[in-house]
Q: 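Structure below; questions to follow.
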Amino acid sequence: YIPPPARLFTDEDRVQELHRVTRRTSAHSLVEHPVGAIVEYPQTGQHANESVAHIFHIDPTTSKSSLRPQSSFQYSLGDGHGGKTISRCLMLRDAEGHPVSCASLKTSCTSLKICSAHKRDMSTHHSTNIFEVSSHCQTVSRTDSNSPASAADREIFERTLALYMALYERGCSAIDGIDDHLAESVIDDLDVKKPRCSGKLIMQLDAYNQPFVQCKLRSHTRRTHLFIRNLQECDTRYLQALLDDDHIIISECEQLAKSQGYGPLLPCSYVTSPSSQRQVCPHLHRQADGKLKQGVLRKWTHNCTAKFNIYVPHDLVTCPRIVVLCSNPHSHPPPAPVKTPTPLVDIFHELLLLMKWKLADATPRRIYLDTAFIQGLHEVLGWDFPDGRDATLQDLHPSLANLDHVRRLINILRSVKYPSGTGFEGRYRYQISAAYTDMELPGARLLAEEHAKLPLEQRYVRCAETHIIERGATLKLVICMTPRMSLHLMQATRLSIDTSFKRAQGWQEFEIESWNVEHQRSVVSSRAFTTSQSAKAHLILFERIFEIASTDTGLPVSFNHIHGCGFETVIADSHKGQGLGLGMYCVQLSRSLTMPCPYESQRRLCDLGPYDHLRRFYRLCVAHYKRNVHGLHTHVSDKVYTAMLSLATSEPHPDIQKTLDIIRNGGPKAAAWLKDKLEGTKFAFPAIYQPASLIPLAFWKASPATTNGNEQSHRNAYREGIHLTLLAGLMKGMRYDQGATNSMDVHTTFGVSTRDQGATYIQRAKQCIMR
């Protein structure tokens with residue numbers, strides 16, 4: 001919307017007193033704006049004591065933002081005196097033509113902030129719009145860039161000056177007089193802020209004529225002092241002069257830069273709104289005392305004379321119009337459109353609400369990936385795809401090109417919809433019915449409570465709990481699984497478990513996965529978000545998962561080595577807490593079983609400890625194992641390295657003790673590695689070397705050798721986003737798991753697979769060979 005120019009009142013209008021706002025106040029010209037018009041730069045009087053009356057037609061049934069047209073002004077208004085009621089506003093009349101009573105607000109323009117190095121004389125203005133402001137900015141930009149210097153010279157100069165200021169402000173971070181071997185202990189003992197190093201920064205050349213900057217106190221015993229070598233992108237002559245305070249060379253370089261249209265000697269043209277939090281200019285200037293500093297932002301030297309009188313009827317239904325009387329010209333250039341008009345903020349928030357639960361994890365970049373948001377933006381703008389491109393937020397308003405500003409607007413709406421955050425204890429507002437007011441309930445807990453009310457087949461978030469574990473530590477636990485996932489879990493015989501750490505911020509995502517032969521695909525049977533990796537935490541995790549699965553299916557939890565049926569093997573990485581927690585769960589399962597162990601008849605099941613149980617079904621992922629061994633390859637001989645790798649096998653070694661001795665005598669790192677496998681992680685050795693375990697050979701070979709199924713599941717999840725809020729992680733996980741279930745239903749009903757080539761044994765074997 002481009003406002004029309006103000007229309008001068010004619011002599012006839014004056015005779016009829018149409019130019020009068022009140023008995024004492026009148027206007028020289030008039031402009032009317034239709035309903036919904038957004039005016040950012042209202043026209044003011046061209047000369048002193050001249051006024052322009054703006055009549056805004058409004059719809060009183062719409063949002064409150066439309067009832068405050070001044071909220072869209074780009075000028076910062078202050079020094080307001082409001083709340084005064086006038087008996088009659090002659091420009092605002094009801095349907096019968098009678099003047100209406102109004103509330104009057106008197107305010108003024110607070111001008112701009114200007115850099116202390118600003119030397120340019122700016123003309124006044126009284127009328128402009130956002131397109132003219134854009135042209136003005138482009139003109140200034142072209143003027144600044146049309147210098148005889150090449151862009152490369154300016155880039156090098158700016159980089160050099162920036163590096164010097166960073167060195168000047170930051171300096172050397174080491175502690176004076178402290179050698180390296182004492183520095184860490186001294187820092188730990190300091191109760192106050194670490195003193196800044198007093199060493200001077202100097203530039204020197206090494207033996208190969210390459211420049212470097214270092215602290216003068218740096219030595220072979222004090223290597224924590226500053227040292228910077230990569231200076232190829234700087235003007236080393238200018239940098240050397242700055243560090244040495246060589247006024248002759250500094251003046252020569254900066255005068256040359258000034259003649260070419262840049263540098264700290266050039267007058268500054270930076271201005272900003274008075275409402276800006278910035279206190280200093282972003283540019284460096286040479287001060288009167290010869291020092292380099294950022295200019296201080298101060299109020300425009302000439303106070304702005306523009307005044308605004310705002311008249312709002314007490315009864316907007318009777319008189320749906322607002323008058324804004326703008327007097328006197330502005331004494332400064334028009335401000336940049338950095339403020340988003342309130343009606344446009346409302347539109348942006350309405351578009352964000354189209355994202356529904358995805359608002360919990362919305363960012364200035366992620367919103368463009370949401371189809372509903374983009375479609376809504378197109379509809380608001382009436383977008384016809386000029387140049388074949390999609391609409392962006394800056395097409396709604398230039399201020400939305402500032403991503404930090406967009407993030408603040410997103411956070412404002414998110415704080416309203418989720419007043420207590422989007423995590424475990426987060427809350428959001430919802431309405432039970434039209435008869436009740438808004439209520440607040442916890443985020444993750446709410447989902448668990450709400451899903452508990454759904455029919456069994458629709459439940460997904462099954463629990464959101466807090467447990468006190470060892471030493472008073474707290475475990476937060478959220479378990480997600482549908483009854484279909486429970487059935488798949490209880491019918492599986494070979495499980496794979498793993499934990500990822502990138503999915504949700506501050507949470508670990510635990511998954512139980514197994515291979516479904518019928519559908520020829522990996523299936524996640526349970527998904528959980530936890531905050532602890534201890535053995536006790538995993539014990540509680542397994543207790544709750546299997547309790548939910550057993551309740552859903554009516555099937556008991558069974559391990560083959562305990563009950564003669566059920567889970568034959570479980571494969572995982574070498575995480576101690578994970579393995580020990582599962583072993584502790586098996587101890588609970590067999591606590592009352594006095595029958596002998598099928599693999600060691602002289603021992604009763606109720607007498608087995610956690611590691612005894614793990615020896616009967618627990619395997620370690622070969623891929624994780626080999627990757628960890630590969631990390632030691634450079635520290636051990638090839639013979640020791642080969643011996644380490646040979647332990648991951650189902651075939652018995654001809655002399656296992658000899659193999660272990662080779663590793664034990666292979667150096668300190670090899671010995672420490674072996675000690676960890678035999679004593680530290682007690683279940684590790686039998687979990688990689690089948691002859692040392694009690695797992696039947698057929699079960700061992702039938703088990704997957706890696707946790708690649710879990711890794712693929714993690715990879716699929718990461719494609720939808722990482723470092724999410726807990727709410728977004730739960731909702732995305734639900735969508736993914738429900739999609740997997742629907743895909744298997746289609747495969748059962750119509751035989752349509754997820755890939756052209758099914759994951760048959762032959763296909764999987766070919767892929768293994770290719771890899």
Side-chain angles (χ1 to χ4, degrees), residues 489-490 492-499 510-515 525-526 528 533-543 545-546 557-591 593 597-600 603 605-629 647-652 676-711:
L489 173 61
M490 301 304 283
T493 56
R494 292 174 283 275
L495 302 181
S496 174
I497 61 177
D498 194 26
T499 302
F510 174 84
E511 289 179 348
I512 300 180
E513 176 270 342
S514 61
W515 181 259
S525 303
S526 180
Q533 291 286 293
S534 68
K536 178 63 176 178
H538 279 93
L539 170 61
I540 297 172
L541 173 63
F542 288 118
E543 286 176 343
I545 287 177
F546 287 121
V557 180
S558 301
F559 283 78
N560 192 276
H561 75 280
I562 299 175
H563 306 96
C565 62
F567 305 127
E568 297 173 356
T569 57
V570 175
I571 188 167
D573 59 20
S574 57
H575 191 280
K576 296 180 182 179
Q578 209 170 72
L580 183 56
L582 184 56
M584 294 164 63
Y585 177 72
C586 290
V587 170
Q588 290 190 0
L589 281 182
S590 59
R591 183 174 298 164
L593 302 179
C597 171
Y599 305 134
E600 290 181 314
R603 303 184 65 183
L605 290 172
C606 60
D607 297 330
L608 298 179
Y611 295 110
D612 296 321
H613 281 283
L614 293 177
R615 191 182 175 196
R616 287 153 173 78
F617 70 92
Y618 201 69
R619 286 197 59 185
L620 292 187
C621 170
V622 173
H624 282 83
Y625 173 80
K626 290 184 176 180
R627 183 168 66 239
N628 294 335
V629 171
L647 295 181
T649 181
S650 60
E651 303 296 332
D676 174 71
K677 297 296 177 285
L678 297 178
E679 302 175 17
T681 310
K682 296 181 181 179
F683 58 79
F685 183 60
I688 57 175
Y689 183 57
Q690 189 275 335
S693 77
L694 296 177
I695 303 175
L697 184 60
F699 288 0
W700 182 284
K701 290 191 172 184
S703 167
T706 67
T707 57
N708 285 349
N710 292 96
E711 301 299 338

Q: Give the intermediate values and the outcome of side-chain contact (heavy atoms from CB on, under 4.5 Å) for residues Thr569 and Trp700.
A: CA-CA 7 Å; Thr569 57; Trp700 182 284; 5.9 Å; no
Q: Provide the full list of side chain to side chain donor-acceptor pair (under 3.5 Å) pairs with a residue in residues 605-617, sequence neighbours left out, each pair given once.
A: His561-His613, Ser590-His613, Glu600-Arg616, Arg603-Asp612, Arg604-Asp607
Q: What pair of heavy atoms forms the shortest contact from Ser525 to Leu489, and how long is it?
A: CB-CB, 3.6 Å
Q: Angle class for the Phe546/Tyr585 ring planes (parallel below 30°, perpendicular above 60°, tilted otherwise)?
A: parallel
Q: Within this structure, what is the OH-OG1 distance for the pair Tyr689 and Thr649, rounded to the nearest 0.5 Å?
A: 7.5 Å
Q: Looking at CD of Glu513 and CD1 of Ile497, how far apart are the two atoms once the value is rounded to the nearest 0.5 Å?
A: 11.0 Å
Q: Are Glu651 and Lys701 within salt-bridge range, i.e. N to O under 4.0 Å?
A: yes
Q: Between Tyr618 and Gly579, which heavy-atom pair has the shortest distance, and what is it?
A: OH-CA, 3.4 Å
Q: Tell me, do Val570 and Gln578 make a side-chain contact under 4.5 Å, heavy atoms counted?
A: no
Q: State, with a plain yes or no, whether a side-chain heavy atom of Val557 is found less than 4.5 Å away from one of Met490.
A: yes
Q: Do Pro696 and Tyr599 have side chains that get closer than 4.5 Å, going by heavy atoms?
A: yes
Q: Roughly how far, to the nearest 0.5 Å, is the CG atom of Leu539 from the CE atom of Met584?
A: 4.5 Å
Q: Taking the side chain as every heavy atom from C-beta outward, state whether Leu582 and Phe559 have any pair of such atoms under 4.5 Å apart.
A: yes
Q: Regarding Arg627 and Asp573, does a basic nitrogen lie under 4.0 Å from an acidic carboxylate oxygen?
A: no
Q: Nearest 0.5 Å, please: how far is CZ in Phe542 from OG in Ser526?
A: 9.5 Å
Q: A cation-pi test, strictly: NZ or CZ of Arg494 under 6.0 Å from the centre of the six-membered ring of Trp515 and no more than 45 degrees from its axis. Yes or no?
A: no
Q: I need the minimum non-hydrogen distance between Ser514 and Leu495, along with the two atoms involved.
A: CB-CD2, 4.2 Å
Q: Please tell me if the side chains of Gln533 and His538 come closer than 4.5 Å, counting only heavy atoms from C-beta onward.
A: yes
Q: Rounded to the nearest 0.5 Å, what separates atom OG in Ser496 from atom CG in Asn708?
A: 8.5 Å
Q: Any idea which heavy atoms bring Pro704 and Ile571 closest together, and the distance?
A: O-CD1, 3.0 Å
Q: Is there a side-chain contact between Ser693 and Phe617, using heavy atoms and a 4.5 Å cut-off?
A: no
Q: State, with a plain yes or no, whether a side-chain heavy atom of His575 is found less than 4.5 Å away from one of Thr499.
A: no
Q: Could you tell me the separation between the CG atom of Leu589 and the CD atom of Glu543, rounded to the nearest 0.5 Å?
A: 9.0 Å
Q: Considering non-hydrogen atoms only, spot the tightest contact between Ser574 and Asn628 and give its length.
A: OG-ND2, 4.3 Å
Q: Any non-hydrogen side-chain atom of Tyr625 less than 4.5 Å from a side-chain atom of Leu647?
A: yes
